[in-house]
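Please read the structure below before turning to the comments.
Every chain is numbered from 1, with letters handed out A, B, ... down the list of sequences.
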2 protein chains.
Amino acid sequence: MAVSARRGAPLTREEIYAAAWRLIDADGVEGLSMRKLAAELDVNPMSLYHHVENKTALMQEICLRVGTQLAPPPDDGLPWQDQIRALGDAYRELARRHPSLWRYVFNNPEVMSTRRGGMWDVLHRLLRLAGVPEEDVPRLAEILSSFVSGFIFSESTGGVRPDAWDDAVTLLIGGLEAYTGR
Amino acid sequence: MAVSARRGAPLTREEIYAAAWRLIDADGVEGLSMRKLAAELDVNPMSLYHHVENKTALMQEICLRVGTQLAPPPDDGLPWQDQIRALGDAYRELARRHPSLWRYVFNNPEVMSTRRGGMWDVLHRLLRLAGVPEEDVPRLAEILSSFVSGFIFSESTGGVRPDAWDDAVTLLIGGLEAYTGR
DNA sequence: ACCTGAACACCGTTCAAGT
DNA sequence: ACCTGAACACCGTTCAAGT
């Protein structure tokens, strides 16, 4: 038969993604190799290439899937300050659930170039709500996103104490209030 | 004689660091391998291990040297807002001079754990000058540092438009003013 | 003292061959 | 159609042997 000598059923893409994700969450992205992944699946390393183009394509697909898990909070009518905090919380929670994968995405942003979740639209809406002039919205969104990403990254490397998140968001909100003149 | 078959003089640590740094600035950290470095120096790959413990020790030493190049601006008596902007500029300029190495340090902060330049002390002084309560100074310094690092990192990956830096700093200064109640 | 070649344990990936 | 073994071009690093 054509299936693996060691397994009963043929490989599937889903199986591969799931196993890779498991390995990454356990050992970090740098702990993932095509050969280890194959071992985890009880399969010859070269079998993987029948289902996946190469390692970068594999990583890309996994990153797109983790991006899918980000559900930006809906507009609940609260003041923009509260909503921006909720958005930050949601983003940070996702990052903390998959620290290694999130670090990979942060280091390789081109991987998310196509689909980057509804987070961006929500942030733009909240900046408008805060009174940021339309022409400044995209630039400020990029700035805030880079700030928050930097903070989360530093949190994941221990460069920032664990209780700093609330103050960090407060600082950004204060900055926005100053920027728009209240 | 005991010197290389291909070179006239014996290797030195300095030579190795300089060549490695050159390779990194040219091809990025991921473009540096012990074998390429040896080729660059016209030497057998294994000769390097006589002068350098291993690749991580090599990277560590190079990072410490790049850290040395950061000269935080002296206290010129200007308002803290101006001084904090000058400090940010100095930090950002260093990062932009050696983008790949800086990204490596950001990703491997443990490398700088011992010696991390006078930047930290200057930032603490400026936060006190801004009126931040003493007990909050270290936490706020970490937050600001993570924000600015995130911004510079995003700049280096094209995640932020090139003219956003001034606004980014303005936002942080506004946030600090709000935090201390002016 | 300093350098080197062979070797080991890893990578990602290609390609021809198996069922 | 799906899987595999051998092979290639890379890594970092150890160790015994050379001068």
Side-chain angles (χ1 to χ4, degrees), chain A residues 1-24 26-63 100-101 103-104 107-108 110-111, chain B residues 1-24 26-63 100-101 103-104 107-108 110-111:
Chain A
M1 68 211 90
V3 299
S4 160
R6 303 159 80 192
R7 302 160 26 97
L11 265 183
T12 65
R13 249 187 276 269
E14 291 311 315
E15 241 182 318
I16 295 175
Y17 295 141
W21 199 336
R22 213 181 323 127
L23 282 185
I24 289 171
D27 307 330
V29 169
E30 67 289 346
L32 176 71
S33 80
M34 296 301 270
R35 294 169 123 111
K36 279 189 207 161
L37 178 56
E40 176 84 4
L41 289 163
D42 264 332
V43 120
N44 182 289
M46 306 317 142
S47 305
L48 298 174
Y49 287 89
H50 235 268
H51 302 85
V52 150
E53 200 181 350
N54 53 33
K55 193 183 180 182
T56 14
L58 206 191
M59 288 305 301
Q60 159 131 304
E61 180 61 30
I62 295 176
C63 290
S100 185
L101 206 44
R103 285 173 58 124
Y104 178 84
N107 272 280
N108 304 79
E110 70 280 4
V111 134
Chain B
M1 68 213 88
V3 300
S4 160
R6 303 159 79 191
R7 303 160 27 98
L11 265 182
T12 65
R13 250 188 275 270
E14 291 312 316
E15 241 182 320
I16 294 176
Y17 296 141
W21 198 337
R22 213 180 322 127
L23 282 184
I24 289 170
D27 308 331
V29 170
E30 68 288 345
L32 177 71
S33 80
M34 297 300 270
R35 295 170 123 109
K36 279 189 208 161
L37 177 55
E40 176 84 2
L41 289 164
D42 265 331
V43 120
N44 183 290
M46 305 318 143
S47 305
L48 298 173
Y49 288 88
H50 235 267
H51 301 87
V52 149
E53 200 181 349
N54 53 32
K55 193 184 180 181
T56 15
L58 206 190
M59 287 305 301
Q60 160 131 301
E61 180 60 32
I62 295 178
C63 290
S100 185
L101 206 44
R103 285 173 58 123
Y104 178 83
N107 271 280
N108 304 78
E110 71 280 4
V111 135

Please state how far atom [atom1] in [X] lies from atom [atom2] in [N], giving the value in whole angstrom units.
X        : N       : atom1 : atom2 : answer
Leu37(B) : dT13(D) : CG    : P     : 12 Å
Leu48(A) : dC3(D)  : CG    : C1'   : 11 Å
Glu15(B) : dC2(C)  : CD    : P     : 13 Å
Asn44(A) : dG18(C) : CG    : C1'   : 12 Å
Leu58(A) : dT13(C) : CG    : C1'   : 14 Å
Tyr49(A) : dA16(C) : OH    : P     : 17 Å
Glu30(B) : dG12(C) : CD    : C1'   : 16 Å
His51(A) : dT13(C) : NE2   : C1'   : 17 Å

Checklist entry - By side chain to side chain donor-acceptor pair (under 3.5 Å), which residues pair with Thr56(B), not counting sequence neighbours? => result Asn54(B)
Item to check | Listed partners of Asn108(A) passing side chain to side chain donor-acceptor pair (under 3.5 Å), at least two apart | outcome: none
Checklist entry - Measuring from Leu58(B):CG to His51(B):NE2, what's the distance to the nearest 0.5 Å? => result 12.0 Å
Next on the checklist: As an exercise, state the distance from CD of Gln60(A) to NZ of Lys55(A), rounded to the nearest 0.5 Å.
Outcome noted: 14.5 Å
Pairing residues for [X] by the salt bridge (charged side-chain N to carboxylate O under 4.0 Å, His left out) criterion, not counting sequence neighbours:
X        : answer
Glu14(A) : Arg65(A)
Arg22(A) : Glu40(A)
Glu53(A) : none

Next on the checklist: Donor-acceptor pair, distance only, cut-off 3.5 Å: does the side chain of Arg103(A) make one with the backbone of Val29(A)?
Outcome noted: no
Under 3.5 Å between N/O atoms: give me all the protein pairs with nucleotides 6-11 of chain C, atom names plus distance.
unit_1  : atom_1 : unit_2   : atom_2 : d
dC11(C) : OP1    : Ser33(A) : OG     : 3.3

Checklist entry - Does OP1 or OP2 of dT4(D) have a side-chain N or O of His50(A) closer than 4.0 Å? => result no
Checklist entry - Is the shortest side-chain N/O distance from Ser47(B) to OP1 or OP2 of dT4(C) below 4.0 Å? => result yes
Checklist entry - Side chain of Val43(B): nearest nucleotide among dT4(C), dT13(D), dT13(C)? => result dT4(C)
Item to check | Secondary-structure notation, DNA chain C, from Watson-Crick and G-U pairs under 3.5 angstrom (| other strand) | outcome: ||.|||||...|||||.||
Next on the checklist: So, using side-chain contact (heavy atoms from CB on, under 4.5 Å) as the criterion, who are the partners of Asp27(A) when residues are at least two apart?
Outcome noted: Leu23(A)
